[in-house]
*Asks:* 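Provided herewith is a single structure, encoded as structure tokens, for subsequent inquiry.
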Amino acid sequence: MVPGDKSIAHRAIILGALADGLTEISGCPRSEDCQRTLGAIQTLGVEVEGWEGECLRIYGKGLRGFREAADVLDCGNSGTTMRLLAGVLAGQPFLSVLTGDASLRRRPMDRIIIPLRQMGAEIRGRAQDTLPPLAVRGGGLRGVTYRSPVPSAQVKSAVLLAGLFADGPTTVIEPVTSRDHTERMLEACGQRVERGERKVTVMPSGSLQPNKISVPGDFSSAAFFVVAGLILPDSDLTLEGVGVNPTRTGLLEVLQAMGGAIQVLPMDESVGEPRARLQIRSSRLRGVSIGGDLVPRLIDEIPVLAVAAACAEGKTVIRDAAELRVKESDRIRTIAVELSRMGVRTEELPDGLIIHGGHGLRGAGCGSYGDHRVAMALTVAGLRADGETTVLDTGCIRTSFPGFVETLQQFVPDSVEQEE
Ligand code: S3P
């Protein structure tokens, strides 16, 4: 029902390209973001087959088999593509130029430029080396211990991937543990990874083993249906095969604490990533306060959590989420502005939001700011609002969830229409 996990798919494509031989990936989402990663590794000389079918085949070139791209690598809207590839390209002894769309070109890249330079890569960006486009000339890396000031899996992954090419161990220490898909997949490729509390070390790699990878359903895409199931009357919804890596599922804990009837039934595992069946029933929700270490475990779900909060009795307070300001849009601002258009009282904080829930939502004309998760969250809010809601500029949904509206139509027929 939901597409394959975007974060895991990016990593499967990148590590597949770096492995020695054939990696087969089933359940790879056809989202634009993953197409960007795939397009980039093809431009770097890696052969790929089967994107149209069920199973994607990547003929890995080994760690040192990429060739210099004849053109700029366009990462589109995808921060994961740009930051993870920059890590890999920091290890390649040639020039790469990475760019993206207007939203990505506004997102901070000093967070990866600083550690990759410490490792010895030549790397430059626009606006005093803070913004894309980026120019990377890699090679000759040394292992470092990097203490990241931001809780970011993209930063951690960029440094760990560069660490595969370094002359000694590379360690990343995080302020709060972020999603750990890179670590799990490196281990599945036979790579030695040492993991401690908020600390990960990779050893320089001789080679990576190819894999057969079955990508679990994307928890971040499932989240829109989990919240819709809770806030709409008379729902009883089952979502099969959803990835439930604990570094991603903070939303479930919060919704359960809000009174949400959600059951998680474990299924199986692929490349160290657990999968489950989620059962959701309509529930009366109450407001909560969240912050601290939980936040990176639900960072992408905050737009839809805000919708659940608007439908809950009482006040919800979200803190320690300043990272939301540098996502595909400034999500603190965009959620506060758009939910207030729907009659919800919201207060913007420097690092979060206060939502005064339980007073109903009214249909409104809303904008997506070109941000896929804002567009989908507002669509779910519109299902619960009185009257009609129009969300403009929803083409961005294709970056993570092509087919979102069609899937929603199966769940609530006659409630959603889509215009091209
Ligand atoms: C991602 C990490 C997170 C998340 C993004 C995907 C990843 O970003 O918001 O959607 O796949 O590593 P940050 O690393 O910037 O927190």
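Note that ligands are numbered from 1 as they come in the structure, with each ligand's atoms numbered from 1 the same way.
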*Asks:* Return yes or no for this condition: an N or O of Val155 is under 3.5 Å from an N or O of ligand 1.
*Replies:*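 Such a contact does not occur with ligand 1.
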*Asks:* Heavy-atom contacts under 4.0 Å between Lys156 and ligand 1: side chain, backbone, both, or neither?
*Replies:*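 Neither; no heavy atom under 4.0 Å.
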*Asks:* Atom 7 (C) of ligand 1: which of Arg83, Lys6, Arg11, His10 has the nearest heavy atom?
*Replies:* Arg11
*Asks:* What atoms in ligand 1 come closer than 4.0 Å to a heavy atom of Asp300?
*Replies:* 4 (C), 5 (C), 9 (O), 10 (O)
*Asks:* Can you tell me which portion of His181 lies within the under-4.0 Å heavy-atom range of ligand 1? Options are side chain, backbone, both, or neither.
*Replies:* neither
*Asks:* Salt bridge or not between Arg331 and Asp371? Use side-chain N to carboxylate O under 4.0 Å.
*Replies:*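 Counted as a salt bridge, because a side-chain N and a carboxylate O are separated by less than 4.0 Å.
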*Asks:* Taking 4.0 angstrom as the limit and counting only heavy atoms of Ser7, give me the atoms of ligand 1 inside it, by number and element.
*Replies:* 1 (C), 6 (C), 7 (C), 11 (O)
*Asks:* Under the criterion side-chain contact (heavy atoms from CB on, under 4.5 Å), which of Leu265, Val244, Thr238 is the partner of Leu278?
*Replies:* Val244
*Asks:* Would you check if there is a donor-acceptor pair between the side chains of His372 and Ser400 at a distance under 3.5 Å?
*Replies:*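 Looking only at side-chain atoms, His372 and Ser400 do form a donor-acceptor pair, the distance falling under 3.5 Å.
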*Asks:* So which protein heavy atom does atom 16 (O) of ligand 1 come closest to, and at what separation?
*Replies:* Lys327 NZ, 3.2 Å
*Asks:* Of all the non-hydrogen atoms in the protein, which one sits nearest to atom 1 (C) of ligand 1, and at what distance?
*Replies:* Gln154 NE2, 3.5 Å
*Asks:* Between Arg11 and Ser157, is there a side-chain donor-acceptor contact under 3.5 Å, judged purely by atom types and distance?
*Replies:* yes
*Asks:* Looking at ligand 1, does any of its N/O atoms fall within less than 3.5 Å of an N/O of Ser152?
*Replies:* yes
*Asks:* So, Arg341 and Glu338, do they make that salt bridge, N to O below 4.0 Å?
*Replies:*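 A salt bridge is present here (some side-chain N lies under 4.0 Å from a carboxylate O).
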*Asks:* Looking at Arg64, I'd like to know if its CZ atom is crowded, meaning that more than 12 non-hydrogen atoms belonging to other residues, nucleotides or ligands lie closer than 6.0 Å.
*Replies:* yes
*Asks:* Can you tell me which residue among Arg198, Arg147, Lys156 is in a side-chain hydrogen bond (donor to acceptor under 3.5 Å, both in side chains) with Glu174?
*Replies:*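 Exactly one option meets the side-chain hydrogen bond (donor to acceptor under 3.5 Å, both in side chains) with Glu174, and it is Lys156.
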